[in-house]
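Accompanying notes for the structure given below.
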Amino acid sequence: MHAGLFHAQFEATVRGPNNAAMRLGLTLGACVWLALPAAALAQGLPGPATPMGPNPSECEIQAALLGTTGPNCPPVAMQRPAAPPPATPPADRPGPVTVPPLPGPTAMQAPELRAAFRVEFDFNSAVIRPDSRPILDKVAAVMGAAGTTRFRIVGHTDAVGGDAANLALSKRRAAAVVEYLVSRHHIRADRLEASGMGARELLLPDQPKAAANRRVEIVNLGG
């Protein structure tokens, strides 16, 4: 077919007033082809830490750090969205649209289990304040029931002060949490490791001086 006649016929067929469904199908086909690989890559990246409230329960900590809860915990109600109504087929139903095949499935990493806790320290100090100890006591109870699972304790600061000072302070605070869990609750030291990020991973990047940035994250490292 001559190129001019082909384009004229394509314009009349696809862009005609009765073929909105075909145009939608072509558009959706392109979106699926471009979006699915990006979503698959996103699933392989570690997710953000689950922010815990000021007084989380042991059940909430279990769900965040272990991905499951004990038998004495209340069930979690999962709400599913209502199914959309069936689409009404158009009068002149277009033929099927050919979409390029997607690449084969790839192995995805399991989602990382991690939670952020508001653990208060004295100003510019690694001394845990008494009002934060009950939270760590609950964390220790969850860790004690987790067998040989290992955890990483990560300290974070706000953006007040220099990078080197904040990095050193965050490491000292993470080490203080590890020492508290080991000495007070007898969690084995070889199940815990401490690290610090300073102000390099702000929870609220648009509010670098906010108190919420000063936190301790606990990451499940597996058995």
Side-chain heavy atoms nearer than 4.5 Å, only ILVMFWY residues, links allowed to pass through others: does that put Ile128 and Leu169 together?
no
With distance as the sole test, does Arg191 use its side chain to make a donor-acceptor pair with the main-chain N or O of Gly147 at under 3.5 Å?
yes
Check Ala126 against Ala176 and note the closest heavy-atom contact, atom names and distance.
O-CB, 3.2 Å
Would you kindly confirm whether Tyr180 and Val154 end up in one hydrophobic cluster when ILVMFWY residues are joined by side chain heavy atoms under 4.5 Å apart?
no
Should Phe121 and Val178 be regarded as members of a common hydrophobic cluster, given that ILVMFWY residues are connected when their side-chain heavy atoms come within less than 4.5 Å of each other, either directly or indirectly?
yes
To the nearest 0.5 angstrom, please state how far the OG1 atom of Thr148 sits from the CG atom of Asp190.
9.5 Å
Would you say Leu113 and Val219 make side-chain contact, with heavy atoms under 4.5 Å?
no
Charged N-O contact under 4.0 Å between Lys138 and Glu58
no
Using 4.0 Å as the upper bound for N to carboxylate O, is an ion pair formed by Asp163 and Arg200?
yes
In Å, rounded to the nearest 0.5 Å, how long is the span from CZ of Arg152 to CD of Glu193?
4.5 Å
In Å, rounded to the nearest 0.5 Å, how long is the span from OG1 of Thr68 to CD of Gln62?
7.5 Å
Tell me whether Leu203 shares a hydrophobic cluster with Ile153, the cluster being built from Ile, Leu, Val, Met, Phe, Trp, Tyr side chains joined at under 4.5 Å.
no
Just by distance, with hydrogens left out, do His185 and Asp137 show a side-chain donor and acceptor under 3.5 Å apart?
yes
Between the main-chain N or O of Gly198 and the side-chain N or O of Ser170, is there a donor-acceptor pair closer than 3.5 Å?
yes
What heavy-atom pair brings Pro54 and Ile135 nearest, and what distance separates the two atoms?
O-CD1, 3.4 Å
Examine distances only and state if a side-chain atom of Arg173 and a backbone atom of Ser125 form a donor-acceptor pair shorter than 3.5 Å.
yes
Check whether any side-chain N or O of Asn166 sits under 3.5 Å from a backbone N or O of Ala199 as a donor-acceptor pair, and report yes or no.
no
With a 3.5 Å distance limit and no angle check, can you tell me whether Glu60 reaches the backbone of Ser57 through a side-chain donor-acceptor pair?
yes
Can you find a heavy atom in the side chain of Asn213 that is under 4.5 Å from one in the side chain of Thr157?
no
Measuring from atom CG of Leu65 to atom CZ of Phe117, what distance do you get when rounded to the nearest 0.5 angstrom?
4.5 Å
Any side-chain heavy-atom pair from Met143 and Leu192 closer than 4.5 angstrom?
yes
State, yes or no, whether a side-chain contact exists between Thr149 and Leu221 at a heavy-atom distance under 4.5 Å.
no
Please check if Val182 and Phe151 belong to a single hydrophobic cluster, counting links between Ile, Leu, Val, Met, Phe, Trp and Tyr side chain heavy atoms closer than 4.5 Å.
yes
Salt bridge check, Arg214 against Asp158: does any charged N sit closer than 4.0 Å to a carboxylate O?
yes
Are Ser132 and Glu120 close enough that some pair of their side-chain heavy atoms sits under 4.5 Å apart?
yes
With side chains defined as the heavy atoms from C-beta onward, is the minimum distance between Glu201 and His156 less than 4.5 Å?
yes
So, for Thr69 and Cys59, which heavy atoms are closest and what is the spacing to 0.1 Å?
CG2-O, 3.6 Å
Over all heavy atoms of both residues, which pair between Ala174 and Gly155 is shortest? Give the atoms and the distance, please.
CB-N, 3.8 Å
Taking every heavy atom of Leu167 against every heavy atom of Gly196, the minimum-distance pair comes out as CD1-O, 3.4 Å
